[in-house]
Amino acid sequence: AVGDVPARTELRVSAGGDSQAFAVEVEGRPALWPGRQGDRPVIVAARDRLPAFLPTEMWVAAPMAGARPALVRAGLPVSLARTAAGVRSASDAVAVELTFGFVEALGALAGLIAVVGLVLYVEERQRVREISYALSRRMGLGRATHLFSVAVELGTMLAVATLTGCAVAWVAARAVMAGLDTQPSVPPRPALTVPHLLLPTLAGAMVALALAGSLLVQRRADAARLAEVLRRAG
């Protein structure tokens, strides 16, 4: 038995004008059972212990196109057939899935905006960086040292932004998780999972972006001439 069913009770069933009562003794209580509707109790019993007039519900792990003719040939007429895909497409979960798709699109757009913001930051700082690099190079600053410092600067910015975004996303997800459950009476409860495959990809993209930005800055700084940079600055 699943749900609120006494250990010993009498159950009366009826179908098609026939009715019969029989005693029920609960032998086990699984936490879940497939096909349970909401919080309605479910009693599972052997077919030969139940009245013959009760309708039969069959679960078939096969495509409906092949399963239905096979059931008819076996003398089991099918009055109603439902598929997992059909139930899913008609449920409230479709709206939640569409919402998640929209949020993912917004996330991709936010990532693109972050890249554009980084480019604008590099461009804004380029003139000052060219002057400082040109003067520091005269005093013995090496190319590799400057490249490393720029990479650390950009990488630190991206790391702080990424960690902040992950922390805010975690808090926001926990806050709205319960509200996304369209059928709270049906287990299981919503689960918050960490995207383990996405995080390494995000870290790799962050490192690649920092390296690409630092190489671009270094290339432009190497090509800059001190006299022209000072003239533009003045």
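What you see is a predicted model, and the numbers here were worked out from it, not measured in a lab.
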Are [X] and [Y] close enough that some pair of their side-chain heavy atoms sits under 4.5 Å apart?
X	Y	answer
Leu32	Val2	no
Tyr121	Met157	yes
Val42	Val5	no
Phe53	Gln20	yes
Leu192	Arg174	yes
Leu71	Met58	yes

Worksheet item: About how many Å separate CG of Leu154 and CG of Leu216, when rounded to the nearest 0.5 Å?
Response: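 Reported value, rounded in 0.5 Å steps: 10.0 Å.
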
Discussion item. With rounding to the nearest 0.5 angstrom, report the OG1 to NE2 distance, Thr201 to His196.
Written reply: 13.0 Å

Linking I/L/V/M/F/W/Y whenever any side-chain heavy atoms sit under 4.5 Å apart, do [X] and [Y] land together?
X	Y	value
Met206	Leu211	no
Phe22	Ile43	yes
Leu215	Val217	no

Fill in: Any donor-acceptor N/O pair, Ser19 side chain to Ala15 backbone, under 3.5 Å
no

Item to complete: Indicate yes or no for a side-chain donor-acceptor contact from Arg68 to the backbone of Val72 under 3.5 Å, with no hydrogens or angles considered.
Response: no

Can you give me the closest heavy-atom contact between [X] and [Y], atom names plus distance?
X	Y	answer
Leu147	Gln218	N-OE1, 3.4 Å
Pro6	Val26	O-CG2, 3.2 Å
Leu50	Ala45	CD2-CB, 4.1 Å
Pro200	Leu197	CD-O, 3.5 Å
Gly3	Arg29	O-NH1, 3.6 Å
Thr83	Met64	CG2-CB, 4.0 Å

Discussion item. Can you confirm whether more than 12 heavy atoms, excluding those of Phe148, are under 6.0 Å from its CZ atom?
Written reply: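 Atom CZ in Phe148 is not packed in, count stays at 12 or less.
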
Worksheet item: How about Arg47: does its CZ atom have over 12 heavy atoms from other parts shown lying under 6.0 Å from it?
Response: yes

Worksheet item: Given Cys166, which of Val168, Leu163, Thr162, Thr164 fulfils the side chain to side chain contact (heavy atoms under 4.5 Å, CB included) condition?
Response: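 Checked Val168, Leu163, Thr162, Thr164 against Cys166; only one passes side chain to side chain contact (heavy atoms under 4.5 Å, CB included): Thr162.
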
